[in-house]
Amino acid sequence: GKLWARPLSHHELITNISQSCILAMASELEILRQVVGLSLLVFVAKVLGGILSKFKYPGVAGEVLAGMIFGPLTLGGAIQVFGGALVEFSDLLLAMAQIGGIIVLFAAGLKFTIADLKASGFPALVVASLGVVIPLTLGYIVPIYLGFPPAVAILIGATLTATSIAVTVRTLEELRQLHSVEARLLVNAAVIDDVLGLAVLAGVTSVFLQGQAPDVLLIVRTVGVLFALWLGLLAASVYLLPRAMNATSRWQTEGTVEAASTASCFGVAAVAYTLGLSPFVGAFSAGMAVANSKAIERVNNHEFRYHLG
């Protein structure tokens, strides 16, 4: 026979509605707590950044210091608000960090061209390689000497190879050195270092997940594949984005170029992540591509990164 659902009684209906309202309120409090914590973190970062700037130090150092003091693992995690930590690792916090890094790298890419990349290509590759090999080697040897297991030692070495492209760019920008030859070498080296770091991560993963020694052949092969993907993404961006930007720049509608720039920034970053690259590398590549278009003056005149921020 047919199965009929029993109608809810008035009491059961009121109970279900009450439970739904309580869950909705709890969710809203959770979101509110995260927003308050993130706002406080940004406020403290700007204050400390401004203080260091007064003493002629890069403001980004103050922002990093704010993260260390009021981050989820320190005071931010110790302060309880609405039944939880004021600052905690969450999707919102990670998303804002990713978005901020993508915008910084895209804005930096707008100041670089393919000619700059070619000019500093080999020196940047050498600097990036040394920036990976030396920390990885010393980070492995020293812990082994101190008695740590090999697996822990290789993890420490891999951790030391990490380079923050966003911090590098922000520091050079605040020092007004982003257009210097040395800065272009450093930024390009940092981008290449990010690609090499992913290859190192693949080797470290094999140690922990498979319980075997790092596969050198796997690392070399991964480096080759990632470099090929990055160069392919860069070539496609340089070919397609300037044409798209030039077409949109002919439109008279206000905000068209800015919208196209935004789509280019996050679109290429998303493609890079899908290919296994860092989204920051994709954003930087998109910036370089847009810099080769006729719309670059309009993008720079509207101070793109501040409009997004």
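Quick caveat: nothing in here was measured; it's all calculated off a predicted structure. Residue numbers run from 1 in the order of the sequence given.
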Could you tell me whether Tyr273 atom OH has more than 12 heavy atoms of other residues or ligands within 6.0 Å of it? no
Taking the side chain as every heavy atom from C-beta outward, state whether [X] and [Y] have any atom pair closer than 4.5 Å.
{"X": "Ile102", "Y": "Phe280", "value": "yes"}
{"X": "Leu233", "Y": "Val281", "value": "no"}
{"X": "Ile99", "Y": "Phe266", "value": "yes"}
{"X": "Leu229", "Y": "Leu277", "value": "yes"}
{"X": "Phe227", "Y": "Ile192", "value": "yes"}

Minimum heavy-atom separation for [X] to [Y], with atom names?
{"X": "Val191", "Y": "Phe284", "answer": "CG2-CD2, 3.8 Å"}
{"X": "Gly282", "Y": "Ala272", "answer": "CA-CB, 3.7 Å"}
{"X": "Ala286", "Y": "Phe106", "answer": "C-CE1, 3.7 Å"}
{"X": "Met68", "Y": "Thr74", "answer": "O-OG1, 2.9 Å"}
{"X": "Ala45", "Y": "Ala66", "answer": "CA-CB, 3.5 Å"}
{"X": "Ala289", "Y": "Ser237", "answer": "CB-O, 3.3 Å"}

Going only through I, L, V, M, F, W and Y residues with side-chain contacts under 4.5 Å, is there a path from [X] to [Y]?
{"X": "Ile134", "Y": "Ile144", "answer": "no"}
{"X": "Leu65", "Y": "Leu75", "answer": "yes"}
{"X": "Leu138", "Y": "Leu155", "answer": "no"}
{"X": "Ile69", "Y": "Leu41", "answer": "yes"}
{"X": "Ile156", "Y": "Tyr145", "answer": "yes"}

Can you measure from [atom1] ([X]) to [atom2] ([Y]) and round to the nearest 0.5 angstrom?
{"X": "Met288", "Y": "Asn292", "atom1": "CE", "atom2": "CG", "result": "7.5 Å"}
{"X": "Leu94", "Y": "Met96", "atom1": "CG", "atom2": "CE", "result": "11.5 Å"}
{"X": "Ile141", "Y": "Leu136", "atom1": "CD1", "atom2": "CG", "result": "9.5 Å"}

Ignoring hydrogens and angles, tell me if any N or O in the side chain of [X] forms a donor-acceptor pair with the backbone of [Y] under 3.5 Å.
{"X": "Asp193", "Y": "Ala189", "value": "no"}
{"X": "Thr161", "Y": "Ala158", "value": "yes"}
{"X": "Ser285", "Y": "Leu234", "value": "no"}

Residues 123-133 side chain polar contacts: donor-acceptor under 3.5 Å, at least two apart:
unit_1 : atom_1 : unit_2 : atom_2 : d
Ser129 : OG     : Leu125 : O      : 2.7

